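First the structure, in the form of structure tokens, and then the observations on it.
Labels below follow one simple rule: chain letters A, B, ... track the order of the sequence lines, proteins then strands, and each chain is numbered from 1. Please read all numbers here as calculations on a predicted model, not as lab measurements.
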2 protein chains.
Amino acid sequence: MKDLLKLDNQLCFPLYALSREIIQRYRPHLDEIGLTYPQYLVLMVLWENDKQTVNQIGHKLLLDSGTLTPLLKRLEQKQIVLRQRSTVDERVVEISLTNMGIDLKKKAKCIPEKLIQELEITQEEIDSIRSIADKILKLK
Amino acid sequence: MKDLLKLDNQLCFPLYALSREIIQRYRPHLDEIGLTYPQYLVLMVLWENDKQTVNQIGHKLLLDSGTLTPLLKRLEQKQIVLRQRSTVDERVVEISLTNMGIDLKKKAKCIPEKLIQELEITQEEIDSIRSIADKILKLK
DNA sequence: TGCAATTATATTGTGTGCAATATAAAAAAT
DNA sequence: ATTTTTTATATTGCACACAATATAATTGCA
């Protein structure tokens, strides 16, 4: 009878360890452009569509204001994004890229390929992880 | 030409989001026995082999003393583990389960099955994630 | 033996994550 | 038009992660 409380039999531990490990592999590359991994994710959202509300960013990254507000303030301090209260709806804060934020995309462009090479991961493996993640995350 | 800086094309983001999501699904169950997810992982290591050093635990969970020392102190305060300096080698701190820590295993026993059911994940999917994780993590 | 290098843990500081709560604005209901 | 409810963001508090550094004990080597 398999012991489900053994680490080797866990579902989440490999995900948790792998996710931290890959973020570590990103670090040297992200250090060069002065970003943390979550900050890089936020910028990826903005590079795809500039000017989004805190809510929209949080919805895409599954992060709440408790995480995003201080993160966005740090990006604002680094002059990478602007935070502006909407005049139409005063509750909303709109986040947009500065020129520096826009330029960062060029410097970040090479990072994903480098990672894939360093990790020696195949496209099938990436797709496999993504399809499992999509299935579970969409249950929400 | 696929934009590798799009969130949809990321390798790590699904892992990062899925790992956080699953830890959230654990929360209500772990709340009942007063543990966080990383604390639960430490206990799983100790349930399998009682009395291990901080180093041994850290090696299995890929966590360093900066994370483990305060976490273990919290487990000690809750009287779930003991922390004792080895008399043979004064640098080493040995972590062992208290009776309360041993008893917790019974209460935790049902958690993994519940999670697998709630997530509606198959054994193939679990194995697939684990084999990819093992491959990348063993490169270290 | 004596001293340099290594090892094990602890500490400090920064940046997440996230629950719980607060605040203020907008929308809905009466 | 008020009141109630909902919505968007911010704040607080706690627990990780992890880099960098510190400290003390042990090992290895000249």
Side-chain angles (χ1 to χ4, degrees), chain A residues 12-13 15-28 30-31 34-43 52-59 61-78 80-81 83-95 140, chain B residues 12-13 15-28 30-31 34-43 52-59 61-78 80-81 83-95 140:
Chain A
C12 186
F13 174 65
L15 284 173
Y16 158 82
L18 184 56
S19 148
R20 285 187 296 121
E21 171 65 20
I22 297 185
I23 289 171
Q24 296 243 54
R25 305 281 187 103
Y26 269 98
R27 190 181 307 276
L30 290 175
D31 277 351
L35 295 175
T36 65
Y37 184 75
Q39 290 168 4
Y40 169 69
L41 288 180
V42 167
L43 289 184
Q52 296 192 54
T53 70
V54 175
N55 233 358
Q56 290 174 311
I57 296 171
H59 188 255
L61 299 180
L62 310 179
L63 292 171
D64 70 4
S65 67
T67 301
L68 284 176
T69 297
L71 186 159
L72 290 167
K73 283 183 176 174
R74 282 187 282 270
L75 285 179
E76 185 185 36
Q77 277 201 325
K78 289 193 264 195
I80 291 171
V81 304
R83 299 168 62 245
Q84 298 168 299
R85 287 256 162 218
S86 161
T87 49
V88 183
D89 182 340
E90 292 265 348
R91 293 170 304 180
V92 171
V93 172
E94 289 169 333
I95 309 297
K140 291 194 79 167
Chain B
C12 186
F13 175 65
L15 285 172
Y16 159 83
L18 185 55
S19 151
R20 285 187 296 121
E21 172 65 20
I22 297 184
I23 290 172
Q24 296 243 54
R25 305 281 187 103
Y26 270 97
R27 190 181 308 277
L30 291 176
D31 277 351
L35 295 176
T36 65
Y37 184 74
Q39 289 169 6
Y40 169 69
L41 288 180
V42 167
L43 289 183
Q52 296 191 56
T53 69
V54 175
N55 231 1
Q56 290 174 312
I57 297 171
H59 188 255
L61 298 180
L62 310 180
L63 292 171
D64 71 4
S65 68
T67 302
L68 285 176
T69 297
L71 186 158
L72 291 167
K73 283 183 176 174
R74 282 187 284 271
L75 286 179
E76 185 185 37
Q77 277 201 326
K78 289 192 265 196
I80 292 171
V81 303
R83 297 168 63 246
Q84 298 168 299
R85 286 255 163 219
S86 162
T87 48
V88 183
D89 182 341
E90 292 265 349
R91 293 170 302 179
V92 171
V93 172
E94 288 169 334
I95 309 297
K140 292 195 77 165

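The base of C:dT9 has none of its N or O atoms less than 3.5 Å from a complementary donor or acceptor on the side chain of B:Arg91.
Annotation: of the two residues near DNA chain D, B:Gln39 and A:Glu94, the 5′-most nearest-nucleotide partner is A:Glu94. For the pair A:Thr87 and A:Pro38, nearest-nucleotide mapping onto DNA chain C gives the more 5' position to A:Pro38. A residue-by-residue look at A:Asp89 and A:Arg74 shows that A:Arg74 has its nearest nucleotide of DNA chain C further toward the 5' end.
Taking side-chain N and O atoms only, B:Asn55 has no distance below 4.0 Å to OP1 or OP2 of C:dT7. At C:dC18, none of the side-chain N or O atoms of B:Arg27 fall inside 4.0 Å of OP1 or OP2 (strictly under the cut-off). Contact between the side-chain N/O atoms of B:Tyr16 and the OP1/OP2 oxygens of C:dT16 is not found at any separation under 4.0 Å. Put simply, B:Lys73 has no side-chain N or O that comes within less than 4.0 Å of OP1 or OP2 on D:dA15. Phosphate contact (OP1/OP2 of D:dA17, side-chain N/O of A:Gln24, threshold under 4.0 Å): absent. The side chain of B:Arg85 contributes no N or O atom lying less than 4.0 Å from OP1 or OP2 of C:dT9.
Residue A:Arg20 has its side chain nearest to D:dA17 when only D:dA17, C:dA10, C:dG17 are considered. Listed nucleotides: D:dC18, C:dA8, D:dA8. Nearest to the side chain of B:Leu63: D:dC18. Comparing C:dA26, C:dG15, D:dC16 by their nearest atom to the side chain of A:Glu90 picks out C:dA26.
If you measure from atom CD1 of B:Ile23 to atom P of D:dC16, you get 11 Å, rounded to the nearest angstrom. The interatomic distance linking B:Glu76 (CD) with C:dT9 (C1') rounds to 14 Å, in whole Å.
If you check every strand for non-hydrogen atoms under 4.0 Å, B:Val88 touches sugar and phosphate atoms only. Across all strands, B:Ser65 comes closer than 4.0 Å to base atoms (heavy-atom distances). Contact annotation for B:Leu71: backbone-only contact, meaning every heavy-atom pair under 4.0 Å involves sugar-phosphate atoms and none involves a base.
Ring-plane geometry between B:Tyr16 and A:Tyr37 is classed as perpendicular, the angle between the planes exceeding 60 degrees on a 0 to 90 degree scale with a lower cut at 30.
For B:Asn55 (side chain) and B:Gly58 (main-chain N/O), no donor-acceptor pair under 3.5 Å exists by modelled atom type.
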